[in-house]
Amino acid sequence: RLMRSYGGIALFEVVYAILVVGITFALRRFLDHRSIDSLGMPLRTRWGRLLAVGLALGAGMQLLVFACEAAFGELKVTGVSPLAADLRFLPALVVLFAAAAISEEMQFRGYVLQNLWEEMGFWPAALVSSALFALLHFGNPNIGAHPWIAAADIAGFGLWACLSIAW
């Protein structure tokens, strides 16, 4: 039953990601009169290298958060499941998180950051984009006992992601 629920959520996220990418491309092309490449996704260049750098930066940030939580004693193991059980859920979770990442990055670091950057400059655009990114996550069911601290952490991740675009 749990697998079906993860599968259903993953399917929703895939459909949502397709809609976000399609709407973003349409807005960029027909409203902004700009190329899709201007969203920071030039497919004619070394996109594989850019993807690898982006994945490394994202993983690095997650490891940094993990290290900070460990250093401050905030990591708590609440349960352990057998490896075989985890491996059954892995495909659905990979699809779920990849689709969620694509839709969030397209919205916040693609369209919002790029458009605001052109109008306001990088730093104001990065701060606004990161704040909006945190607000999107504020309603997550596992935001924790300290939602404002979690929101600040998420905004920090958003800022890190904006900096990775600039780099």
Side-chain angles (χ1 to χ4, degrees), residues 1-17 19-21 24 39-41 49-114 116-117 120-167:
R1 196 170 97 159
L2 189 59
M3 181 60 173
R4 281 192 299 247
S5 112
Y6 281 136
I9 294 169
L11 178 61
F12 170 82
E13 287 294 337
V14 167
V15 170
Y16 183 69
L19 285 172
V20 165
V21 170
T24 302
L39 288 169
M41 298 176 35
R49 180 176 172 269
L50 293 173
L51 177 64
V53 168
L55 289 172
L57 288 170
M61 181 60 177
Q62 295 300 321
L63 290 172
L64 179 62
V65 169
F66 183 83
C68 289
E69 288 176 344
F72 290 111
E74 293 297 321
L75 287 179
K76 295 175 185 76
V77 176
T78 59
V80 178
S81 65
L83 179 62
D86 289 342
L87 290 176
R88 279 190 321 204
F89 297 112
L90 188 62
L93 290 174
V94 167
V95 169
L96 178 123
F97 288 120
I102 288 167
S103 64
E104 290 176 2
E105 293 307 308
M106 182 61 69
Q107 290 173 76
F108 293 99
R109 261 67 68 189
Y111 196 77
V112 172
L113 176 67
Q114 300 292 333
L116 291 178
W117 189 348
M120 306 165 65
F122 175 76
W123 285 108
L127 292 173
V128 168
S129 172
S130 298
L132 290 172
F133 184 67
L135 285 174
L136 170 81
H137 289 85
F138 209 77
N140 283 2
N142 297 320
I143 195 81
H146 307 286
W148 291 105
I149 293 173
D153 289 345
I154 293 166
F157 179 83
L159 190 58
W160 174 267
C162 289
L163 287 169
S164 74
I165 298 290
W167 291 331

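Using a 4.5 Å heavy-atom threshold, the side chains of Ile165 and Trp117 count as touching.
The ring-ring contact (aromatic ring centres under 6.0 Å, His included) search around Trp148 returns Phe138, not counting sequence neighbours. Judged as a ring-ring contact (aromatic ring centres under 6.0 Å, His included), and not counting sequence neighbours, Phe97 has no contacts. Partners of Ala52 by side chain to side chain contact (heavy atoms under 4.5 Å, CB included), not counting sequence neighbours: none found. Here Ala150 pairs with Ile143 under the side chain to side chain contact (heavy atoms under 4.5 Å, CB included) rule; sequence neighbours left out. Here Val15 pairs with Leu11, Leu19 under the side chain to side chain contact (heavy atoms under 4.5 Å, CB included) rule; sequence neighbours left out. Applying the side chain to side chain contact (heavy atoms under 4.5 Å, CB included) test to Ala99 and every residue at least two apart in sequence or in another chain returns Glu13, Val14, Ala17.
Applying the side chain to side chain donor-acceptor pair (under 3.5 Å) rule to pairs touching residues 90-105 yields Glu104-His137, Glu105-Arg109, sequence neighbours excluded. Here salt bridge (charged side-chain N to carboxylate O under 4.0 Å, His left out) pairs that include residues 154-167, with residues two or more places apart or in two chains, number zero.
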Let me have the donor-acceptor pairs involving side chains of residues 56-79, under 3.5 Å, with sequence neighbours excluded, atom names and distances please.
none

Sequence neighbours left out, cut at 3.5 Å: what donor-acceptor pairs do the side chains of residues 127-134 make with other protein atoms?
residue: Ser129; atom: OG; partner: Phe108; partner atom: O; Å: 2.9
residue: Ser130; atom: OG; partner: Ala126; partner atom: O; Å: 2.7
residue: Ser130; atom: OG; partner: Gly158; partner atom: O; Å: 3.4
residue: Ser130; atom: OG; partner: Leu159; partner atom: N; Å: 2.9

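To the nearest 0.5 Å, atoms CG (Asp86) and CG (Leu93) are separated by 9.0 Å. With rounding to the nearest 0.5 angstrom, the OH atom of Tyr111 is 9.5 Å from the CG atom of Leu116.
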